[in-house]
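As the structure is a prediction and not an experimental result, all values here were calculated from the model.
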Amino acid sequence: MSASHQMAPTFSSAIADAHNYMDWIIGTMRPYFGHDVIEIGIGHGSYYEYLGKLGRYRGVDIDPDNVASSRARYPQGSFELADITSEEFRSSLPPGSVDTVVCCNVIEHIEDDNRAVSNMANALAPGGHLLILVPALQQLYGDLDRLAGHYRRYNKLLMLKACAGAPIEILELRYFNPIGGLAWWINSFAKHRSLDDSAVNAQIRIFDKYVLPISRLVDPLTRGFFGQSLICVARRT
């Protein structure tokens with residue numbers, strides 16, 4: 001997430017309709033969902049279709065355009081503008097505010113990711129879950145990451161560093177989506193001018209429809225060492 005309000009897209013528009021991909025992510029996290037959920041970094045807003053059914057839902061984002069578009073698409077939802085690294089955010093969600101924090105593809109945009117994780121964990125009730133998904137492996141970093149405003153891609157050590165000092169214990173830490181990781185690596189050798197161009201969006205649609213089932217099949221074999229993303233599941237102590 002960038003603090004700039006006038007910026008190039010930091011995600012591809014086709015990802016908002018990649019329902020097979022979102023189903024896979026949500027299915028992976030589902031055992032840890034509670035009934036009082038805050039989504040950090042709503043982006044395209046489509047995760048509301050899943051998370052809004054769980055009970056009480058709030059979504060926050062630093063980009064006013066993302067908040068406005070989500071409010072327009074889902075007028076029944078609760079979407080707010082917030083900087084999760086700020087003291088204002090931390091004080092607005094005292095400990096015990098929620099039982100689930102979902103944060104997909106956000107903290108790689110934040111320079112002080114440790115503070116972001118600490119503030120998210122602080123909002124949880126004891127036993128509540130913090131569910132983080134981030135881009136994995138710095139070796140895959142390329143133009144698409146630069147265009148998205150990523151400070152980094154994560155390995156397990158970097159994620160543990162981001163979580164250090166937060167009042168949480170790590171339950172799961174694993175890589176996710178190996179074929180997506182291979183495709184991202186191939187893309188790192190190509191020049192890209194926008195995340196939202198027709199070529200990138202076409203790749204997303206093809207992956208979601210045809211390639212994802214293969215990646216899902218391979219995933220149990222590679223989750224210890226390779227994937228496009230890294231998933232961290234933590235519990236509030």
Atom pair CZ/CG of R205 and N201 - distance to nearest 0.5 Å: 5.0 Å
Between the side chains of H192 and D143, is a donor N or O closer than 3.5 angstrom to an acceptor N or O? no
From L144 CG over to H150 NE2, what is the distance, rounded to the nearest 0.5 angstrom? 9.0 Å
I'd like to check D61 versus L81 (side-chain heavy atoms, cut-off strictly below 4.5 Å). Are they in contact? no
At what distance, to the nearest 0.5 angstrom, does CD1 of I15 lie from NE2 of H19? 10.5 Å
Taking the six-membered ring for Trp, are F176 and Y21 parallel (under 30°), tilted (30 to 60°) or perpendicular (over 60°)? tilted
Same cluster for Y141 and Y151 if Ile/Leu/Val/Met/Phe/Trp/Tyr side chains link at under 4.5 Å? no
Verdict with supporting geometry, D36 and R58, salt bridge (charged side-chain N to carboxylate O under 4.0 Å, His left out): CA-CA 8 Å; D36 194 347; R58 282 169 283 179; 3.5 Å; yes
Flag the pair F207 / N177 as yes when at least one side-chain heavy-atom distance between them is below 4.5 Å, and no otherwise. yes
Determine yes or no for a side-chain-to-main-chain donor-acceptor pair under 3.5 angstrom, with N114 supplying the side chain and A164 the backbone. yes
S70 and G43: which non-hydrogen atoms are nearest, and at how many Å? OG-O, 4.3 Å
Atom NE2 of H35 with >12 non-hydrogen neighbours under 6.0 angstrom: no
Given 3.5 Å as the limit, does a donor-acceptor pair link the side chain of K156 with the main chain of G224, or not? yes
Passing option when Y57 is tested against Y48, Y50, Y74 for ring-ring contact (aromatic ring centres under 6.0 Å, His included): Y48
Smallest heavy-atom separation, L93 atom then N122 atom, equals O-ND2, 3.7 Å
Check: R152 side chain, E111 main-chain N or O, donor-acceptor pair, under 3.5 Å: yes
CG on L51 to CD1 on I38, rounded to 0.5 Å: 11.5 Å
Verify the cluster assignment for Y210 and L217: are they in a single hydrophobic cluster under the rule of side-chain heavy atoms below 4.5 Å apart? no
Is any side-chain N of the basic residue among R73 and E49 closer than 4.0 Å to the acidic one's carboxylate O? yes
Are R174 and D219 within salt-bridge range, i.e. N to O under 4.0 Å? yes
When every non-hydrogen atom of S118 is compared with those of A166, the smallest separation belongs to CA-CB, 4.2 Å
Counting C-beta onward and ignoring hydrogens, is there a side-chain heavy-atom pair between N155 and Q139 closer than 4.5 Å? no
Check the pair C104, M29 against side chain to side chain contact (heavy atoms under 4.5 Å, CB included), reporting the backbone distance first and the verdict last. CA-CA 11 Å; C104 292; M29 296 178 171; 4.0 Å; yes
Member of I168, V233, I170 meeting the side chain to side chain contact (heavy atoms under 4.5 Å, CB included) criterion with L130: I168
Return the CG to CD1 distance between L131 and I40, rounded to the nearest 0.5 Å. 11.5 Å
Above 12 or not: heavy atoms from other molecules or residues under 6.0 Å from CD of E87? yes
Would you check if the side chain of S92 reaches a backbone N or O of F89 as a donor-acceptor pair within less than 3.5 Å? yes
Indicate yes or no: at least one non-hydrogen side-chain atom of I132 is less than 4.5 angstrom from one of M159. yes
Shortest non-hydrogen contact from T237 to E169? CG2-N, 3.9 Å
Might you point out which heavy atoms bring L137 and F225 nearest each other, and give the distance in Å? CD1-O, 4.2 Å
Give, for atom CZ of R193 and atom CG of L147, the distance between the pair rounded to the nearest 0.5 Å. 11.0 Å
Do F189 and L140 land in one hydrophobic cluster if side-chain heavy atoms of ILVMFWY residues count as linked below 4.5 Å? yes
Minimum heavy-atom separation for V102 and F33, please, with both atom names. CG2-CE2, 3.9 Å
Judged by modelled atom types alone, do Y154 and D113 share a side-chain donor-acceptor pair under 3.5 Å? yes
Before giving the answer on side chain to side chain contact (heavy atoms under 4.5 Å, CB included), spell out for V67 and I42 the whole-Å C-alpha distance, their side-chain angles and the decisive distance to 0.1 Å. CA-CA 8 Å; V67 173; I42 54 180; 4.3 Å; yes
Report yes if the side chains of L133 and N105 come closer than 4.5 Å at any heavy-atom pair, otherwise no. yes
Please report the C-alpha distance between L54 and T100 in whole Å, then the side-chain angles of each, then the deciding distance to 0.1 Å, and finally whether the side chain to side chain contact (heavy atoms under 4.5 Å, CB included) criterion is met. CA-CA 10 Å; L54 296 173; T100 313; over 6 Å; no
Give a yes or no on whether R146 atom CZ has more than 12 heavy-atom contacts from other residues, nucleotides or ligands under 6.0 Å away. yes
Mind checking whether L173 and L230 have side chains closer than 4.5 Å, heavy atoms only? yes
Are R153 and Q228 side-chain neighbours, meaning at least one heavy-atom pair lies under 4.5 Å? yes
Under a 3.5 Å distance rule, please check whether Y47 uses its side chain to pair with a backbone N or O of I26 as donor and acceptor. no
Indicate yes or no: at least one non-hydrogen side-chain atom of N20 is less than 4.5 angstrom from one of R216. no
Carefully, step by step, assess Q203 and N187 under the rule side chain to side chain contact (heavy atoms under 4.5 Å, CB included). CA-CA 10 Å; Q203 287 182 44; N187 267 306; 2.7 Å; yes
Any sub-3.5 Å donor-acceptor pair from S46's side-chain atoms to A16's backbone N or O? yes
